[in-house]
A.B. asks: 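Structure incoming, see below.
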Amino acid sequence: MSDQATRANASATELERLDHWIGGASAQPATGDYIETVSPMTGAAHLRVAAGDAGDVARAVAAAEAARDGWRRFPAAERGRLMLALAQKMRAEKERLAEMERADTGKPMAGALGEIEGSAQYFEFYGSLVYLPVGDVLDVAPDQHVFTRREPYGVIGVITPWNLPLNQAARAIAPALVAGNTIVAKPSEITSRTTIEMARMASEVGFPAGVINIVLGTGEAVGEAIVRAEAVRKVAFTGSVGVGRAIGRIAAERIIPLTLELGGKSANIVFEDADLDLAAAEAVKGFTLNAGQVCSAGTRLLVQRSIYDRFMDKLAAEIAKIVPGENLGPLITPAQFERVKGYFTTAEEDGARLLAGGGIAEVAGQEGGFYVKPTIYADVTNSMRIAREEIFGPVGVAIAFEDEDEAVRIANDSDYGLIGTLWSRDVSRALRVADRIEAGQIFVNVWNTMSVQTPFGGHKNSGYGREKGIEAIHHYSHLKTVTVKI
Ligand code: NAD
């Protein structure tokens with residue numbers, strides 16, 4: 001055996017192992033296989049994650065199916081108390097959870113802590129909604145008592161990505177639970193740790209066994225098996241457009257509903273009458289937060305020509321405040337690192353002007369990490385690949401426009417429709433433009449202040465269905481009408 005192979009074996013045996021969570025207990029994969037992940041901060045081997053298969057999914061679905069009736073009939077107040085207890089536990093252990101999230105993703109601690117707080121808020125918010133009325137009484141005829149009621153689907157499949165791991169899982173799991181469903185979830189194989197920890201904590205605070213089940217592994221082996229499982233009656237998917245389409249085909253065959261939360265290439269429009277200092281600071285935050293690995297990133301900056309040069313100077317000054325390894329984390333994987341570097345080459349070939357960044361970043365002590373410099377390209381046209389494709393790195397592109405009509409035309413000339421942001425002191429214009437942008441969320445003079453209360457979802461290729469807010473409960477329950485002859 002070569003020295004290198006010996007070292008690899010030694011490190012594999014020392015790495016922490018992560019198993020599924022099925023029926024209220026840790027469960028090893030039937031295959032006995034594990035996927036080795038690497039740290040985005042150093043490139044070194046990080047964790048061994050269970051490589052589940054269809055058999056493991058079948059075990060988890062059976063556990064969720066067995067827990068289904070009990071959970072549905074659980075008193076609402078009791079269900080709410082459990083949700084709040086889980087939120088409290090997550091908060092009490094937020095540093096530990098944030099350390100785990102940071103180790104998996106490399107994100108700065110402030111971002112990781114914010115993500116855990118947001119995750120706790122989902123359980124708190126939905127836990128407090130258990131007393132919402134679940135139906136209406138309809139005045140159809142004097143000799144009929146007619147009422148509607150919202151009922152759970154049964155078992156919900158939840159499939160989530162790696163960029164905000166616990167947050168995205170909590171966003172779907174909390175409303176699904178409060179609507180009376182049980183769960184089979186699959187986090188990204190790269191960032192599974194906090195989702196498993198959440199399920200373990202749920203058991204500790206008293207959630208019945210089988211209500212929350214987590215199966216680890218790849219999308220092909222585990223994700224697809226969840227979508228195909230007969231007892232899974234709805235799937236909430238957060239991820240890429242390509243996988244969303246693949247899941248959509250299976251769901252169409254099975255006639256089950258989906259919530260699809262997919263990508264974005266969101267426009268951030270700066271009009272000449274805006275507070276330019278604020279707009280520049282927020283714009284840079286908008287495409288560098290979480291190293292740009294955010295579906296709602298404001299990556300297309302549309303800037304009115306009359307202030308274009310002035311605004312580029314402000315952007316350059318703001319971007320200088322973003323320091324890799326300090327307030328900018330690495331990209332998640334070697335593949336994502338290569339992908340983003342590829343866009344630097346594409347931008348150059350397409351003739352975009354590099355305003356800042358545009359290459360890899362060296363971080364002292366983290367030489368093997370997947371860091372790139374925060375980057376902005378100027379003089380971009382909306383037909384360039386860097387303006388059309390979701391890069392998922394800390395890369396913004398600046399496009400000039402003449403007037404309101406052209407700004408709206410460019411903003412809507414995209415396959416995506418997740419977020420639209422605009423900066424202007426003219427309230428009438430702000431409302432007009434907000435009305436015309438094809439996106440699920442619009443922000444005026446602020447970037448991305450979302451809360452658990454605000455419904456969230458896409459137009460066009462950004463997906464359909466809504467997460468968050470009271471609205472999400474309607475996506476995790478369906479309506480039954482009961483007519484009684486008196
Ligand atoms: P991805 O689509 O590659 O993977 C998402 C999840 O799907 C992972 O758990 C993966 O293992 C699983 N998966 C992969 N192939 C599958 C298959 N054939 N069947 C079932 N499951 C499968 O996405 P990603 O690279 O992990 O995440 C980045 C993408 O997620 C970006 O496009 C981003 O915009 C999007 N995203 C959207 C939102 C939103 O709320 N709209 C939020 C976060 C991320």
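We're numbering straight along the sequence, starting at 1. Atoms within each ligand, like the ligands themselves, are counted from 1 in listed order.
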A.B. asks: What are the atoms of ligand 1, with element, lying closer than 4.0 Å to any heavy atom of I159?
C.D. replies: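 In order of number, 6 (C), 7 (O), 9 (O), 12 (C), 21 (N).
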A.B. asks: Give the atoms of ligand 1, by number and element, whose distance to some non-hydrogen atom of F456 is under 4.0 Å.
C.D. replies: 40 (O)
A.B. asks: Identify, for atom 2 (O) of ligand 1, the protein heavy atom at the shortest distance, and state residue, atom and that distance.
C.D. replies: S240 OG, 2.5 Å
A.B. asks: Heavy atoms only, cut-off 4.0 Å: how does V241 contact ligand 1, side chain, backbone, both, or neither?
C.D. replies: neither
A.B. asks: Side chain to side chain contact (heavy atoms under 4.5 Å, CB included), that's the test. Do R249 and E253 meet it? Break it down for me.
C.D. replies: CA-CA 7 Å; R249 285 186 207 105; E253 277 300 319; over 6 Å; no
A.B. asks: Examine the proximity of ligand 1 to V294 and report which part, side chain or backbone, both or neither, has a heavy atom under 4.0 Å away.
C.D. replies: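 Neither part.
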A.B. asks: Could you pull out the closest heavy-atom pair between A30 and R59, with the gap in Å?
C.D. replies: N-NH2, 4.0 Å
A.B. asks: List the closest protein heavy-atom neighbour of atom 18 (N) of ligand 1: residue, atom name, distance to the nearest 0.1 Å.
C.D. replies: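 Here the closest protein heavy atom is E224 OE1, 4.0 Å.
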A.B. asks: Take every heavy atom of R171, measure it against each atom of ligand 1, and state whether any distance is under 4.0 Å.
C.D. replies: yes
A.B. asks: Sub-3.5 Å donor-acceptor pair from the side chain of K107 to the main-chain atoms of N163, do we have one?
C.D. replies: yes
A.B. asks: For Y34, is the NZ or CZ atom of R48 found under 6.0 angstrom from the centre of its six-membered ring and inside 45 degrees of the ring axis?
C.D. replies: yes
A.B. asks: Between M90 and L166, which heavy-atom pair has the shortest distance, and what is it?
C.D. replies: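 Reported closest heavy-atom pair: CE-CD2, 3.8 Å.
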A.B. asks: Which option out of R339, R249, Q168, K186 puts a heavy atom nearest to atom 10 (C) of ligand 1?
C.D. replies: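 Selected option, by shortest heavy-atom distance: K186.
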A.B. asks: For residues W162 and F392, establish whether the separation of their ring centroids is below 6.0 Å.
C.D. replies: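 Yes: the rings meet the under 6.0 Å criterion.
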A.B. asks: What protein heavy atom sits nearest atom 24 (P) of ligand 1, and how far away is it?
C.D. replies: W162 NE1, 3.3 Å
A.B. asks: Give a yes/no verdict on a cation-pi contact between K341 and F337, requiring under 6.0 Å between NZ or CZ and the six-membered ring centre and an angle within 45° of the axis.
C.D. replies: yes
A.B. asks: What do you reckon, does G463 put a non-hydrogen atom under 4.0 Å from ligand 1?
C.D. replies: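 No.
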A.B. asks: Quick one: do E438 and K460 satisfy salt bridge (Lys or Arg N to Asp or Glu O under 4.0 Å)? Show the steps, please.
C.D. replies: CA-CA 8 Å; E438 297 165 351; K460 302 196 272 187; 2.9 Å; yes
A.B. asks: Any protein heavy atom sitting closer than 4.0 Å to atom 4 (O) of ligand 1?
C.D. replies: no
A.B. asks: Could you tell me whether P161 approaches ligand 1 through its side chain, its backbone, both or neither, with non-hydrogen atoms closer than 4.0 Å?
C.D. replies: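 For P161, the contact with ligand 1 is made by both the backbone and the side chain.
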A.B. asks: Determine whether the side chains of N461 and D415 contain a donor N or O and an acceptor N or O closer than 3.5 Å.
C.D. replies: no
A.B. asks: Does any N or O in the side chain of Y126 come within less than 3.5 Å of the main-chain N or O of G469, such that one atom is a donor and the other an acceptor?
C.D. replies: yes
A.B. asks: With atom 44 (C) of ligand 1 as the reference point, say which of L216, V235, I226, N163 has the nearest heavy atom.
C.D. replies: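 That would be N163.
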A.B. asks: Within the side chain of N181, is there an N or O that forms a donor-acceptor pair under 3.5 Å with the backbone of I156?
C.D. replies: no
A.B. asks: Of the listed options (G223, A225, G244, S192), which comes nearest to atom 20 (C) of ligand 1 when hydrogens are ignored and any heavy atom counts?
C.D. replies: G223
A.B. asks: Counting only heavy atoms, tell me which of F237, F392, Y416 gets closest to atom 7 (O) of ligand 1.
C.D. replies: F237
A.B. asks: Between ligand 1 and T238, can you find any atom pair, the residue atom being a heavy atom, that is separated by under 4.0 Å?
C.D. replies: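 Contact present.
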A.B. asks: Of the listed options (L418, V243, I332), which comes nearest to atom 16 (C) of ligand 1 when hydrogens are ignored and any heavy atom counts?
C.D. replies: V243
A.B. asks: Within the structure, does V227 bring an N/O atom to less than 3.5 angstrom of an N/O atom in ligand 1?
C.D. replies: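 No; the residue has no nitrogen or oxygen that sits under 3.5 Å from a nitrogen or oxygen of the ligand.
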A.B. asks: If I apply the N/O under 3.5 Å rule, does T160 come out as touching ligand 1?
C.D. replies: yes
A.B. asks: Decide, yes or no, whether a salt bridge links K89 with E93 under the criterion of side-chain N to carboxylate O below 4.0 Å.
C.D. replies: yes
A.B. asks: For atom 35 (C) of ligand 1, state which one of G242, G239, S296 supplies the nearest heavy atom.
C.D. replies: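 Heavy atom nearest to atom 35 (C) of ligand 1 belongs to G239.
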A.B. asks: Can you sort out which atoms of ligand 1 are near S188, meaning under 4.0 Å from one of its heavy atoms?
C.D. replies: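 Counting atoms of ligand 1 from 1, those under 4.0 Å from S188 are 9 (O).
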A.B. asks: Between T194 and E101, does a side-chain hydrogen bond (donor to acceptor under 3.5 Å, both in side chains) hold up when you go through it step by step?
C.D. replies: CA-CA 6 Å; T194 48; E101 204 74 302; 2.9 Å; yes
A.B. asks: Tell me, which protein residue and heavy-atom name are nearest atom 37 (C) of ligand 1, and how many Å apart are they?
C.D. replies: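 Going atom by atom, the protein heavy atom closest to atom 37 (C) of ligand 1 ends up being L262 O, 3.0 Å.
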A.B. asks: Mark yes or no for whether D53, through its side chain, and D56, through its backbone, hold a donor-acceptor pair below 3.5 Å.
C.D. replies: yes
A.B. asks: Please write down residue, atom name and distance for the protein heavy atom closest to atom 34 (O) of ligand 1.
C.D. replies: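 That would be E390 OE2, 2.6 Å.
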A.B. asks: State the CD-NZ distance between Q121 and K468, to the nearest 0.5 angstrom.
C.D. replies: 9.5 Å
A.B. asks: For atom 19 (N) of ligand 1, which candidate among G263, G458, C295, G219 provides the closest heavy atom?
C.D. replies: G219
A.B. asks: Short N/O distance, under 3.5 Å, between E189 and ligand 1?
C.D. replies: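 Yes: some nitrogen or oxygen of E189 is under 3.5 Å from one in ligand 1.
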